[in-house]
Amino acid sequence: MNGLQRLIGKLGTTRAFAGVGQALTRVDERLLRSTNGRFGVGSSIGLRTLLLTSIGRRSGQPRQVPLLYVERDGAFVVIGSNWGGENHPAWSANLIDQPEATATVRGRIVPVHARLLTGDERQSTWDAVAAYWPAYNTYATRAPNREIRVFRLEPVT
């Protein structure tokens, strides 16, 4: 990580950033959608960001959300932190209900199959992702009544 990324990472642990971050998520979604995943708020400072399109479990309609990700063994790993909120984010419930989705990454639309990680695989993956974005550990502390969901988005060929 460069200096700006480290600074943003430290700010990311504050409660104020969580509120600002939720607003930035809406801006990020619009930017990523309009640039076909090539540019967003996170990517502008060098963070890896994808635009996840899943099917809403209640509405049946496509839903999009920008997410930080880490690449591991040819897959994209995303975390359902919800900024340390009390509830799981809706997109994570959508993936559990319908694991087929798409990830728009650097201008490429990649069909993916989402797999919720558990046990030792979840923990080792969590450690790798938290090394990339340490604020996830803070978000986990703020959400003590739930285990934050970790998904592996495996490209479908």
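Heavy-atom basis, side chains included; hydrogens, waters and symmetry copies ignored.
With rounding to the nearest 0.5 Å, the separation of CG in Asn82 from CZ in Arg149 is 10.5 Å. The OG atom of Ser92 sits 11.0 Å away from atom CD1 of Ile79, with the distance rounded to the nearest 0.5 Å. The distance from atom CG of Leu117 to atom OG of Ser124, rounded to the nearest 0.5 Å, is 8.0 Å. A distance of 8.5 Å separates CG of Leu67 from CG of Leu51, quoted to the nearest 0.5 Å.
Aromatic ring orientation, Phe151 versus Trp91: tilted (interplanar angle from 30° to 60°).
Applying the side chain to side chain donor-acceptor pair (under 3.5 Å) criterion to Glu121, with sequence neighbours excluded, gives Arg115. Take Thr102 and apply the side chain to side chain donor-acceptor pair (under 3.5 Å) test, not counting sequence neighbours, and it matches no residue. Every side chain to side chain contact (heavy atoms under 4.5 Å, CB included) that Asn137 has, sequence neighbours left out, goes to Trp126, Ala130. For the side chain to side chain donor-acceptor pair (under 3.5 Å) test, no residue two or more places apart in sequence or in another chain qualifies with Asp120. In terms of the side chain to side chain contact (heavy atoms under 4.5 Å, CB included) criterion, residue partners of Ala75 (sequence neighbours excluded) are, by chain and number, Arg152, Glu154, Pro155.
Leu95 approaches Ala101 most closely through the heavy-atom pair CD2-CB, 3.9 Å. Shortest non-hydrogen contact noted between Val70 and Tyr132 is CG2-CD2, 3.6 Å. When every heavy atom of Gly80 is checked against every heavy atom of Arg146, the shortest pair comes out as O-NH1, 3.2 Å.
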**Request:** Take Val110 and Phe76, measure what side chain to side chain contact (heavy atoms under 4.5 Å, CB included) needs, and give me the verdict at the end.
**Result:** CA-CA 10 Å; Val110 181; Phe76 310 109; 4.2 Å; yes

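Residues Trp133 and Tyr139 are in side-chain contact: their nearest non-hydrogen atoms beyond the backbone lie under 4.5 Å apart. The shortest distance between side-chain heavy atoms of Leu116 and Ile96 falls below 4.5 Å. Taking the side chain as every heavy atom from C-beta outward, Val78 and Leu153 approach each other to under 4.5 Å. By the 4.5 Å heavy-atom criterion applied to side chains, Ile148 and Tyr136 are not counted as neighbours.
No side-chain N or O of Asn94 forms a donor-acceptor pair with one of Gln98 less than 3.5 Å apart. Using modelled atom types, one finds no donor on one side chain facing an acceptor on the other under 3.5 Å when comparing Ser54 with Arg63.
For residues 70-99, the salt bridge (charged side-chain N to carboxylate O under 4.0 Å, His left out) pairs, not counting sequence neighbours, are Glu71-Arg106.
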